[in-house]
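Computed over heavy atoms, backbone and side chain alike; hydrogens, waters and symmetry mates excluded. First the proteins, then the strands, lettered A, B, ... as listed; each starts at 1. The structure displayed is predicted, hence computed values, not measured ones.
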Number of protein chains: 2
Amino acid sequence: MRLVIARCSVDYAGRLTAHLPSAPRLILVKADGSVSIHADDRAYKPLNWMSPPCTLKESVDGEAVENGAAAVWTVINKAGEKLIITMEEILHDSSHELGVDPGLIKDGVEAHLQELLADRIETLGEGWTLVRREYPTAIGPVDILCRDADGATVAVEIKRRGEIDGVEQLTRYLELLNRDPHLAPVKGIFAAQEIKPQARVLATDRGIDCVVLDYDALRGIEDDKLRLF
Amino acid sequence: MRLVIARCSVDYAGRLTAHLPSAPRLILVKADGSVSIHADDRAYKPLNWMSPPCTLKESVDGEAVENGAAAVWTVINKAGEKLIITMEEILHDSSHELGVDPGLIKDGVEAHLQELLADRIETLGEGWTLVRREYPTAIGPVDILCRDADGATVAVEIKRRGEIDGVEQLTRYLELLNRDPHLAPVKGIFAAQEIKPQARVLATDRGIDCVVLDYDALRGIEDDKLRLF
DNA sequence: TGATCAATATCGCAG
DNA sequence: CTGCGATGTTGATCA
């Protein structure tokens with residue numbers, strides 16, 4: 001990893017064109033080949049960057065002097081996108097060996113919601129039974145297919161954040177499922193940890209019920225169940 | 001901006017919980033208060049971070065030694081999310097004054113595409129006329145409303161990359177607009193610099209025409225127009 | 001402040 | 001390689 005602090009201007013020509021006027025910035029070159037240019041704000045987001053695979057070409061002293069610059073770096077990738085960093089003054093330049101990172105261990109994410117709800121399908125209503133998770137259809141798997149206390153089929157779409165897209169998706173599934181005489185009529189339930197007002201309106205308008213999932217409660221129930229054994 | 005290279009382990013407790021085993025990493029502290037932890041890969045994305053506003057508390061020497069660490073940093077925000085960085089060995093530590101950045105100048109984004117197409121609505125067909133950009137509806141503004149050579153109303157949805165969501169969005173607009181007897185029947189056009197195959201299939205199935213926009217050509221036409229004056 | 005929408009989104013997985 | 005969903009998405013704009 002190489003850290004350069006330099007007063008520089010930057011030009012990017014690729015999926016869009018962009019320009020950065022001259023100012024002091026951090027240029028971060030990682031061992032993966034990536035180059036990112038950071039200001040002293042915008043949190044972790046760089047002003048501009050090039051993702052690997054790409055190649056970095058540093059100007060030799062002569063070239064840079066011709067441009068009146070201390071150095072000119074050209075970063076280019078296979079798609080022909082180009083990042084040109086013109087450094088007028090280099091304030092710091094150091095390199096560090098970091099080695100391969102063991103990586104992040106995450107917990108408490110989204111994939112659990114489906115498992116948890118499938119294991120506790122009674123959360124949706126007493127006497128409800130699971131048909132299966134990831135019920136396959138021609139346009140993709142339905143998160144959960146189950147039956148209510150009367151034996152009527154219910155398709156459940158699960159999201160962490162319930163937005164309008166999710167309602168559209170569930171609508172497409174319902175339309176398809178309702179063509180199957182073995183299943184029809186199929187009701188829909190839109191379940192999420194948080195449901196946006198517009199999504200709720202659209203769902204309700206289409207006769208889809210909304211359920212707000214409480215992750216901690218579901219997990220708590222799970223923990224209770226586990227504790228019994 | 002402060003740059004620290006240290007062998008460290010990291011724990012995050014917030015919207016999820018995450019842990020990073022000990023390894024050498026870059027810890028980047030910006031003037032905006034943000035802290036990000038970078039490995040030597042993953043391009044510009046940090047392994048873990050805390051966004052401002054947040055406060056950084058560095059351990060005093062005594063505390064750190066008690067834990068057998070060179071230093072322990074605790075970063076906390078108003079929501080109570082917490083990032084704990086335990087540094088076992090500090091390999092580099094430097095600070096740099098960068099000042100306020102003038103910021104990025106972008107070109108070629110969606111807003112610009114909309115302007116260009118509105119100014120050259122004949123690109124869609126001879127004799128076509130603009131009604132207005134950002135035509136307001138109850139569910140949001142339609143990018144462009146125009147009329148074809150026969151005076152029929154056409155709603156245009158513009159995207160940089162045309163995906164299935166954009167087609168859904170346009171479909172909703174069309175459904176609504178077609179309820180207005182002054183406008184109906186309203187046709188749809190899905191315009192983007194790049195249209196994904198699935199989006200094209202869905203659009204075609206719904207009777208929506210697809211148009212691939214050539215940004216350079218549109219801008220070229222604009223430049224020609226400007227050059228005339 | 002909250003909702004909505006775009007992004008050089010990034011990233012991972014499955015088909 | 002493409003599509004699709006999730007993200008501690010982030011960031012900007014507008015009410």
Undergrad: May I have the distance from B:H38 (atom NE2) to C:dT10 (atom P), rounded to whole angstrom?
TA: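 In whole Å, C:dT10 P lies 15 Å from B:H38 NE2.
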Undergrad: With sequence neighbours excluded, tell me which residues meet side-chain contact (heavy atoms from CB on, under 4.5 Å) with A:D93.
TA: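 A:D93 satisfies side-chain contact (heavy atoms from CB on, under 4.5 Å) with A:R2, A:V4, A:I90 only.
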Undergrad: Going by ring-ring contact (aromatic ring centres under 6.0 Å, His included), name the residues that satisfy it together with B:H96, two or more places apart in sequence or in a different chain.
TA: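 In terms of ring-ring contact (aromatic ring centres under 6.0 Å, His included), with neighbours along the sequence ignored, B:H96 is linked to A:H92.
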Undergrad: Assign A:M50 to base, sugar-phosphate, or nothing according to its heavy-atom contacts below 4.0 angstrom with the strands shown.
TA: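 No contact.
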Undergrad: Rounded to whole Å, how long is the line connecting atom NZ of B:K106 with atom C1' of D:dG11?
TA: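 Between C1' of D:dG11 and NZ of B:K106: 8 Å.
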Undergrad: Atom pairs, N/O to N/O, protein against nucleotides 1-4 of chain C, distance under 3.5 Å?
TA:
unit_1 : atom_1 : unit_2 : atom_2 : d
C:dT4  : OP1    : A:Q198 : NE2    : 3.0

Undergrad: B:I164 has an atom CD1; how far is it from atom P of C:dA6, in whole Å?
TA: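 To the nearest whole Å, that distance equals 16 Å.
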Undergrad: Got a list of side-chain donor-acceptor pairs under 3.5 Å for residues 36-44 of chain A, not counting sequence neighbours?
TA:
unit_1 : atom_1 : unit_2 : atom_2 : d
A:H38  : ND1    : B:K30  : NZ     : 3.0
A:D40  : OD1    : B:A31  : N      : 2.6
A:D40  : OD2    : B:M1   : N      : 3.1

Undergrad: I need the CD1-P distance between B:I158 and C:dA6, as an integer number of Å.
TA: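 For the pair B:I158 CD1 and C:dA6 P, the rounded distance is 11 Å.
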Undergrad: Assess whether a salt bridge exists between B:K159 and B:E157, defined as any Lys/Arg side-chain N lying under 4.0 Å from an Asp/Glu carboxylate O.
TA: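 So B:K159 pairs with B:E157 through a salt bridge.
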Undergrad: Could you work out, with side-chain contact (heavy atoms from CB on, under 4.5 Å) as the rule, every residue matching B:S59, not counting sequence neighbours?
TA: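 With sequence neighbours excluded, B:S59 shows a side-chain contact (heavy atoms from CB on, under 4.5 Å) to B:E63, B:A64, B:A71, B:V72, given in chain and number order.
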Undergrad: Of all residues at least two apart in sequence or in a different chain, which pass the side-chain contact (heavy atoms from CB on, under 4.5 Å) check with B:I164?
TA: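 Partners of B:I164 under the side-chain contact (heavy atoms from CB on, under 4.5 Å) test: B:Q198, B:L202.
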Undergrad: Under the ring-ring contact (aromatic ring centres under 6.0 Å, His included) test, which residues partner B:H112, sequence neighbours left out?
TA: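 In terms of ring-ring contact (aromatic ring centres under 6.0 Å, His included), with neighbours along the sequence ignored, B:H112 is linked to B:Y215.
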Undergrad: With the side chain of A:K159 defined as its heavy atoms from C-beta on, choose the nearest nucleotide among D:dG5, C:dA6, D:dT10.
TA: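 Among the listed nucleotides, the one closest to the side chain of A:K159 is D:dG5.
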Undergrad: Given C:dT10, is OP1 or OP2 found less than 4.0 Å from the side-chain N or O atoms of A:W49?
TA: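 Yes.
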Undergrad: For B:E194 and C:dA6, what is the distance between atoms CD and C1' respectively, to the nearest whole Å?
TA: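 After rounding, the reported distance stands at 15 Å.
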Undergrad: Calculate the interatomic distance between B:E163 atom CD and C:dT10 atom C1'; express it in whole Å.
TA: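 B:E163 atom CD is separated from C:dT10 atom C1' by 13 Å.
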Undergrad: Is B:D101 salt-bridged to A:R25, cutoff N-O under 4.0 Å?
TA: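 Salt bridge between B:D101 and A:R25, a charged N being under 4.0 Å from a carboxylate O: yes.
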Undergrad: Using side-chain contact (heavy atoms from CB on, under 4.5 Å) as the criterion, list what pairs up with A:D180, not counting sequence neighbours.
TA: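 If we apply the side-chain contact (heavy atoms from CB on, under 4.5 Å) test to A:D180, skipping adjacent residues, the hits are A:H182, A:L183.
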Undergrad: Rounded to whole Å, how long is the line connecting atom CD1 of B:I105 with atom C1' of D:dA12?
TA: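 Nearest whole value for this atom pair: 17 Å.
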Undergrad: For B:E168 and C:dC5, what is the distance between atoms CD and C1' respectively, to the nearest whole Å?
TA: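 Atom CD in B:E168 sits about 16 Å away from atom C1' in C:dC5.
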Undergrad: Look for any protein N or O under 3.5 Å of an N or O in nucleotides 11-13 of chain C and output each such pair with its distance, or none.
TA:
unit_1 : atom_1 : unit_2 : atom_2 : d
C:dC11 : OP1    : B:R42  : O      : 3.4

